[in-house]
There are 2 protein chains.
Amino acid sequence: MALSTFRKSGYYNTSMSDLAEACGLQKGSFYHYFPSKEAIMASVLDSVCQYLKAKVFSIAQGTDLEPRARMEKMLLKLGKALLSQEGGCIIGNTTLEVAGQDIAFKATLKSVFEDWLSAMTHIFKEDYPEGTAGRLAQQSVMEFEGAVMLSQLYDSDQYLKDVFVRTLSKMK
Amino acid sequence: MALSTFRKSGYYNTSMSDLAEACGLQKGSFYHYFPSKEAIMASVLDSVCQYLKAKVFSIAQGTDLEPRARMEKMLLKLGKALLSQEGGCIIGNTTLEVAGQDIAFKATLKSVFEDWLSAMTHIFKEDYPEGTAGRLAQQSVMEFEGAVMLSQLYDSDQYLKDVFVRTLSKMK
DNA sequence: GTCTATATCAAGATAGAC
DNA sequence: GTCTATCTTGATATAGAC
């Protein structure tokens, strides 16, 4: 799949041949579906973004569970979807890779972080005043991305698990 | 300079022509100094690593200043040297770019994070028990790298400044 | 819709003149 | 030590047969 190839190898270090091979096609066949490599990445990021909105960040808005349980459910799903995959976090990886470049799909990256921050803030607001909730959310997101970085480098999930526990412990 | 080019454009997205141009040379001339692009990056990271060891992380060991003042001095210098440059943090950027690849200079990246963690832990230990100090150090490093990511994406220093204040406020 | 073949270009790297 | 010229390879992308 294109997603896992991009996540493992990065955007610039992934070639059309790599993508074609991962999808069981020849290079030429790929251009029947997408006009360019940039369009493929844009499509990959769009579907990640939509999935997160619909299946992960939406958990924050639920009313069936206590705030703390919602936070736990959301973080667990986020961990599985985004962070504990081989290659880490496609959103974080790609953000650092293209931050300085002039590339269309940067808007999608921004929107993921915005939705992520909103979801975290929404849950924290049930235990904290608005300003504090926003700061805690920001802090958690940054810690998660930092943890993915160290988890990648040292090939260990420990950093990620620590942040998971620490974030959850902030809920009453 | 090679450092700023790699920091702005990343490892794979920087070509030998880019590096040569940034140094005011022709492509061919570059191979008089370095045998390959990988060797250039290795050399860049080595000098960053050595600079941090000698001029930044060493501050943690000083005895002339109070722990809190040492932390502030170190974080300020770290911010200038590593984080608030155009393109963000060469260490963090490169880590995510090559984490899954088989590349020699990954060892240098690891050693920077180890030294960074040690330095932070050393200062925290003056106000906290050892275990807590280690956890606070880890948390701070991850927050810093997460903050650089968001600062890059939104082209704002605010995230970084927030972490700076938050980290410093943990010292008595 | 998938393939093979190919066009075009830029990449990393080398050779040799000056 | 720096240049120009060039080699080789692999990249993105296209054309056209099946």
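Labels below follow one simple rule: chain letters A, B, ... track the order of the sequence lines, proteins then strands, and each chain is numbered from 1.
- Distance, B:Phe30 CZ to C:dA11 P: 14 Å, rounded to whole Å.
- Remark: nothing in residues 36-45 of chain A comes within less than 4.0 Å of DNA chain C through any heavy atom.
- The closest side-chain donor-acceptor pair between A:Ser43 and A:Asp46, if any, does not fall under 3.5 angstrom.
- With sequence neighbours left out, A:Asp115 forms a salt bridge (Lys or Arg N to Asp or Glu O under 4.0 Å) with A:Lys53.
- The list of salt bridge (charged side-chain N to carboxylate O under 4.0 Å, His left out) pairs with a residue in residues 56-69 of chain B, not counting sequence neighbours, is empty.
- Within the 4.0 Å cut-off from OP1 or OP2 of D:dG1, not a single side-chain nitrogen or oxygen of B:Ser29 is found.
- Under the 6.0 Å cut-off for aromatic ring centres, B:Phe105 and B:Tyr11 qualify, their centroids lying closer than that.
- Side-chain N or O atoms of A:Arg70 include one that pairs as donor or acceptor with a backbone N or O of A:Gly62 at under 3.5 Å.
- Not counting sequence neighbours, the partners of A:Glu114 by the side-chain hydrogen bond (donor to acceptor under 3.5 Å, both in side chains) test are B:Tyr154.
- Contacts between residues 19-28 of chain A and DNA chain C, defined by a heavy-atom separation below 4.0 Å, involve A:Leu25, A:Gln26, A:Gly28, listed by number.
- A:Asp18 places its CG atom 7 Å from the P atom of D:dA11, with the value rounded to the nearest Å.
- Taking the six-membered ring for Trp and the full ring otherwise, the centers of B:Tyr159 and B:Phe144 sit at least 6.0 Å from each other.
- The phosphate of D:dA13 has OP1 or OP2 within less than 4.0 Å of a side-chain N or O from A:Tyr31.
- Taking atom CE of B:Met16 as the reference point, atom P of D:dT9 lies 18 Å away to the nearest angstrom.
- Applying the salt bridge (charged side-chain N to carboxylate O under 4.0 Å, His left out) definition to pairs two or more places apart or across chains, none involves residues 101-113 of chain B.
- Rounded to whole angstrom, the span from the CG atom of A:Asn13 across to the P atom of C:dG12 amounts to 12 Å.
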